[in-house]
Amino acid sequence: MIRVQTEDFDVSAEIAALTKARTDVGAVVTFSGIVRDVALELEHYPGMTERELGKIEEEARARWALQASLIIHRVGRLDPGDNIVLVVTASSHREDAFKAAEFLMDYLKTRAPFWKREGESWVEAKASDDKAAERWK
Amino acid sequence: MIRVQTEDFDVSAEIAALTKARTDVGAVVTFSGIVRDVALELEHYPGMTERELGKIEEEARARWALQASLIIHRVGRLDPGDNIVLVVTASSHREDAFKAAEFLMDYLKTRAPFWKREGESWVEAKASDDKAAERWK
Amino acid sequence: MKLLYFAWVRQKTGTPEEDVTLPDHVRDVGALIDWLKTRGEGYEAAFADLKVVRAAIDQEHVALDAPLGRAQEVAFFPPVTGG
Amino acid sequence: MKLLYFAWVRQKTGTPEEDVTLPDHVRDVGALIDWLKTRGEGYEAAFADLKVVRAAIDQEHVALDAPLGRAQEVAFFPPVTGG
């Protein structure tokens, strides 16, 4: 599942929704990205964002045995301490849940059309993110 | 932080407690282990459990740049769908948070003195868990 | 053809989107960029350093030499920084 | 010396813990196991297959040939299965 939203999210509620009424999920991994020292404005490319996130999720589910997965990305103004992004992966086995969550984050960071602005300056893309994404090839 | 308890835990509340009033945490990874099809009874070695978990956490914090970490393990009777274990790692960088959480789980699985019983039969240790722990050496 | 601009590319071109009719010789993204740069200082500034410009055709990432084909929507933006 | 047993080791010995006074010649975990096996069928069953028995001295994992030294507490249990 994919959601792009201005509202915050609740990690426990999202885990509960994904695992509700199932007894085949043994491992749930979540990644939350949080705004650090400086407030951000998050811009995105509506339409393409959902397509890219959908493709990334599909790719993760082709590579690992997941019972459920979720990507939520917030847009708009975000203050220090605010949540930016949530990835949740649910599997029978912890290794699949961990690997898929890392993959989702690495691909999201390098492929999903979001841009962060801090005050007047746009955040620059990091070479380390490209490198992290490379390892899944 | 280490907790061994019979009560359930709330992932969001634990994340909030770890990251409260900080603006240096950019990445939070959680792992929740959940009971699958069959109810469990979890036995442990009080005293040694806390020591082992403490050592495992200390080792993780020596290896990766973590701002905070938490291990909660439940004991007693647990039904399908119930939480068993929670690991939370908070870092400025996602790679540290991910690696540390995986490490904590791999070491916990092979070193922390807990034993699971399903009905009358004790769950057997898995060679795959030993192998997973080996890679951190 | 619909053109979209995001982040500082949008700020430099001065518009989030526009509809354009391309000259016949503009058949790939590179040629489109060259043509856009003739349209004013803002465009020249936006496309001054192509190492930091990315493109998408119909909401799919493409290289800057990709053919336009029957593209309905072309977008230009900096390397992404979400997550 | 205090001895502790967990999981099926506890079920087989029939006790979760006990205090014992060891003969002088019992100086390592292996010798302790051999001595315990002389104390009855339950102990014999608990220690029949040492591939699946683990030990801790004073709450630290040790190998089955570790010296007892000044151990106050020795525990026996199957490979752990938490998490």
Side-chain angles (χ1 to χ4, degrees), chain A residues 8-16 18-40 67-68 79-95 97-106 108-109 116 126 128-129 131-132 135, chain B residues 8-16 18-40 67-68 79-95 97-106 108-109 116 126 128-129 131-132 135:
Chain A
D8 196 10
F9 50 78
D10 179 78
V11 179
S12 299
E14 299 301 341
I15 293 175
L18 284 189
T19 57
K20 187 168 47 117
R22 310 191 65 128
T23 57
D24 54 350
V25 171
V28 176
V29 169
T30 74
F31 175 89
S32 312
I34 299 170
V35 182
R36 287 197 274 169
D37 317 273
V38 186
L40 296 176
Q67 261 95 35
D79 289 314
D82 282 355
N83 288 312
I84 306 172
V85 62
L86 175 67
V87 155
V88 187
T89 53
S91 177
S92 300
H93 304 289
R94 75 181 182 284
E95 187 170 350
F98 270 121
K99 287 288 164 269
E102 281 194 82
F103 170 88
L104 288 171
M105 280 310 301
D106 287 346
L108 184 156
K109 284 255 181 194
K116 290 192 187 108
K126 289 195 224 118
S128 59
D129 285 329
K131 215 177 133 197
R135 69 187 152 135
Chain B
D8 196 12
F9 50 76
D10 180 78
V11 179
S12 299
E14 299 301 341
I15 293 175
L18 285 189
T19 58
K20 188 167 47 118
R22 310 193 67 130
T23 57
D24 54 350
V25 171
V28 176
V29 170
T30 74
F31 176 89
S32 312
I34 299 170
V35 182
R36 288 199 272 168
D37 316 275
V38 185
L40 296 175
Q67 260 94 36
D79 289 313
D82 282 356
N83 287 312
I84 306 172
V85 62
L86 175 67
V87 156
V88 186
T89 55
S91 177
S92 300
H93 304 288
R94 74 182 182 286
E95 187 171 347
F98 269 121
K99 288 286 164 274
E102 282 193 81
F103 170 88
L104 288 172
M105 280 309 302
D106 287 346
L108 184 156
K109 284 255 181 193
K116 291 194 186 107
K126 288 195 224 117
S128 60
D129 286 330
K131 214 177 134 196
R135 70 188 153 137

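When reading the values below, keep in mind they use all heavy atoms of this one structure, side chains included, and skip hydrogens, waters and symmetry mates. Order of the sequence lines fixes the chain letters, A, B, ..., with proteins taken first and strands second; residue numbering starts at 1 for each chain.
Between chain B and the residues A/Ala101, A/Ala21, A/Gly81, the most heavy-atom pairs under 4.5 angstrom are made by A/Ala101. Your options are B/Val88, B/Val35, B/Asp106, and the one with the most heavy-atom pairs under 4.5 Å with chain A is B/Asp106. Chain A forms more heavy-atom pairs under 4.5 Å with one residue of B/Val25, B/Val29, B/Thr19, B/Val28 than with any other, namely B/Val28.
The heavy-atom pair separating A/Ser12 from B/Asp10 by the smallest distance is OG-OD1, 3.1 Å. Summarising the geometry of A/Ala27 relative to B/Phe31, their closest heavy-atom pair is CB-CE1, 3.5 Å, with the distance given to 0.1 Å.
Contacts between B/Ser128 and chain A at a heavy-atom distance below 4.5 Å are absent for every atom of the residue. When heavy atoms are compared at a cutoff of 4.5 Å, B/Lys109 approaches chain A solely by way of its side chain, counted from C-beta outward. At a 4.5 Å heavy-atom cutoff, the contact between B/Lys99 and chain A is made by side-chain atoms alone. Of the atoms belonging to A/Ser92, heavy atoms from both backbone and side chain fall under 4.5 Å from chain B. B/Ala132 touches chain A through its side chain: at least one heavy atom from C-beta onward sits under 4.5 Å away, while N, CA, C and O do not. Contact annotation for B/Asp24: only backbone heavy atoms (N, CA, C, O) come within less than 4.5 Å of a heavy atom of chain A.
Under the 4.5 Å side-chain criterion, counting only non-hydrogen atoms from C-beta, B/Ile34 is not in contact with A/Arg22.
Interatomic distance, CD of A/Glu95 versus CE of B/Met105, reported as 12.5 Å (0.5 Å rounding).
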